[in-house]
Each structure stands twice: as C-alpha cells, then as structure tokens.
Amino acid sequence: AQSVTQPDIHITVSEGASLELRCNYSYGATPYLFWYVQSPGQGLQLLLKYFSGDTLVQGIKGFEAEFKRSQSSFNLRKPSVHWSDAAEYFCAVAKYNNNDMRFGAGTRLTVKP
Amino acid sequence: DGGITQSPKYLFRKEGQNVTLSCEQNLNHDAMYWYRQDPGQGLRLIYYSQIVNDFQKGDIAEGYSVSREKKESFPLTVTSAQKNPTAFYLCASSPSSMGADTQYFGPGTRLTVL
C-alpha cells in the first residue's frame, strides 16, 4: 500500500521568510499527490494537487509544490510566509485507480512576527 | 452554498454508550469517507462508501458502524466496543467513486468520552 512521510513534525519560520515543507511518498506507480491545510479545530482545505503533466503545480494562497519522481518527493513551498499561514499541513497520496488516500502525520507551522 | 456539514461540533459521551455523528453533503458527490484524527498521527480511514447502500471498512473500522441510505448522508456510529473513542472525526466526500479524486472535508466533530 502507498504511504507518506512528513519528516518535520514542527517548523517555525519568521514572517516574510521562505518556506519548504517536505513530503516523501512510497508507491510503485505514478501517484496522485495532494497537500491540505488545517487550521486548529477545523476541517482540511485543499491547497494543491498533482495528477499528471507539469511537475511544478501552483495552488491557492501562493503555495506551490514540485513532484520529483527520482526522489519520491512532493515538497510544498511558499516564497514569503504570512502570519495567517500558521496551521498544520498534510501531504497525501492516492493510487490512480481508487479512492484509498493515505495521509502523512502532518507538519505544524508556526510563524514568528 | 454547497458543502459538507458535520454535527454536532462537540460531543460528549459516557463510557458504554453508543453515539452517532452526522455527515451531510449537498455536492452531489458519489463517494464519502470517515476519518479519525489523533495528535501526531494524521488521518486514519474508518469507513468509506462509493455508492448508496454500499460501504467498505478502512484501516480502523473496529468499534464503528456506518450506513449509506441516501447519497447525501453518511452517518457514523461510535459503539461501546470502540476502546478509545476520544478523537476528532472528519467526514469527506469526493465527486467520483472510480479512481483517485480530490476529497473535500467537513469541519469535524470532536468526541470526548467522559
């Protein structure tokens, strides 16, 4: 079965600094990859997804992610972090032929003023 | 406004009681899911349903039950057999029941066992 690893449990960045959240997946075929964001006590909101095509995908709120097959990675980036980006971020992977989506354990982002 | 609603937002249960969490969607999505979220463990799949009157167990189905009598509704019952039910429960839906697709999430229900 597919699986996802988010190596960083907690990251702190200063407002205005750049951000990169790491995601590594394990899956034998081409995966479908997602990044979601969750504010405290809320549901998950989709930031972006990769199904095929251009390996650099743009999402909402100024986020982007790059699919690197050779590294089995799908890292999330943002050039300049805003205080409102403080939240928990989840990477997820799904097989192309079913709805079995697997989530990483999440990375909690703290933004310093 | 289309979306997924979950109720109640907070739920308290005494040990030994069954409790039912509501999930409704008006997105006309075929598939619906229930996840459990515990700190530091991400989301774990409890049950999912790809079509009305059909559902499958996820990774942690023991102590839970579901029904899918209507396309828009997928209630989850936490039974007394669930040993550690205190958690945050998330319902999701996706447009297609065939193949991978984006899942859209409700706001969640926090269940606490007293």
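Order of the sequence lines sets the chain letters (A, B, ...), proteins ahead of strands, with each chain counted from 1.
- When the candidates A/Gly41, A/Ala92, A/Ala94 are compared by the number of heavy-atom contacts under 4.5 Å with chain B, A/Gly41 comes out ahead.
- When all heavy atoms of B/Asp101 and A/Met101 are compared, the pair lying nearest together is O-CE, 3.8 Å.
- In the hydrophobic clustering of ILVMFWY residues, with side-chain heavy atoms under 4.5 Å counting as a link, B/Ile4 and B/Leu76 come out apart.
- For B/Glu62, the CD atom is loosely surrounded, since the number of other residues' heavy atoms within 6.0 Å does not exceed 12.
- Grouping the Ile, Leu, Val, Met, Phe, Trp and Tyr side chains by contacts below 4.5 angstrom, directly or via other members, places A/Val4 with A/Val57.
- Of the atoms belonging to A/Ile9, not a single heavy atom falls under 4.5 Å from chain B.
- Within the 4.5 angstrom heavy-atom criterion, no atom of A/Arg108 approaches chain B.
- When heavy atoms are compared at a cutoff of 4.5 Å, A/Gln45 does not approach chain B at all.
- By the rule that hydrophobic residues join a cluster once side-chain heavy atoms approach within less than 4.5 Å of another member, B/Leu43 and B/Phe88 end up as members of one cluster.
- Contact annotation: the side chain of B/Leu90 never approaches that of A/Gln42 to less than 4.5 Å [non-hydrogen atoms, C-beta and beyond].
- For chain B, the nearby part of A/Lys95 is the backbone; its heavy atoms alone come within less than 4.5 Å.
- Looking at B/Asp38, there are no atoms closer than 4.5 Å to chain A (heavy atoms on both sides), in backbone or side chain.
- Taking CD of A/Glu88 as the start and CD of B/Gln37 as the end, the distance is 6.5 Å to the nearest 0.5 Å.
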Taking it one step at a time, do B/Gln41 and A/Phe103 satisfy side-chain contact (heavy atoms from CB on, under 4.5 Å)? CA-CA 9 Å; B/Gln41 294 194 44; A/Phe103 289 82; over 6 Å; no
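- Within 6.0 Å of CD1 on B/Ile51 lie no more than 12 heavy atoms contributed by other residues, nucleotides or ligands.
- A/Leu48 and A/Leu109 fall within the same hydrophobic cluster, defined by Ile, Leu, Val, Met, Phe, Trp and Tyr side-chain heavy atoms under 4.5 Å apart, directly or through other members.
- A donor-acceptor pair is defined here as one N or O able to donate and one able to accept, closer than 3.5 Å; such a pair exists between the side chain of A/Tyr36 and the backbone of B/Gln103.
- Highest contact tally toward chain A, considering only B/Tyr104, B/Tyr33, B/Tyr48, is held by B/Tyr33 [criterion: heavy-atom pairs under 4.5 Å].
- Proximity to chain A involves both the backbone and the side chain of B/Thr102, based on heavy atoms less than 4.5 angstrom apart.
- Hydrophobic clustering (ILVMFWY, side-chain heavy atoms < 4.5 Å, transitive): B/Phe105 and B/Tyr47 are in distinct clusters.
- By the neighbour-count criterion of 12 heavy atoms within 6.0 Å, atom NZ of B/Lys9 is densely surrounded, having more than that number from other residues, nucleotides or ligands.
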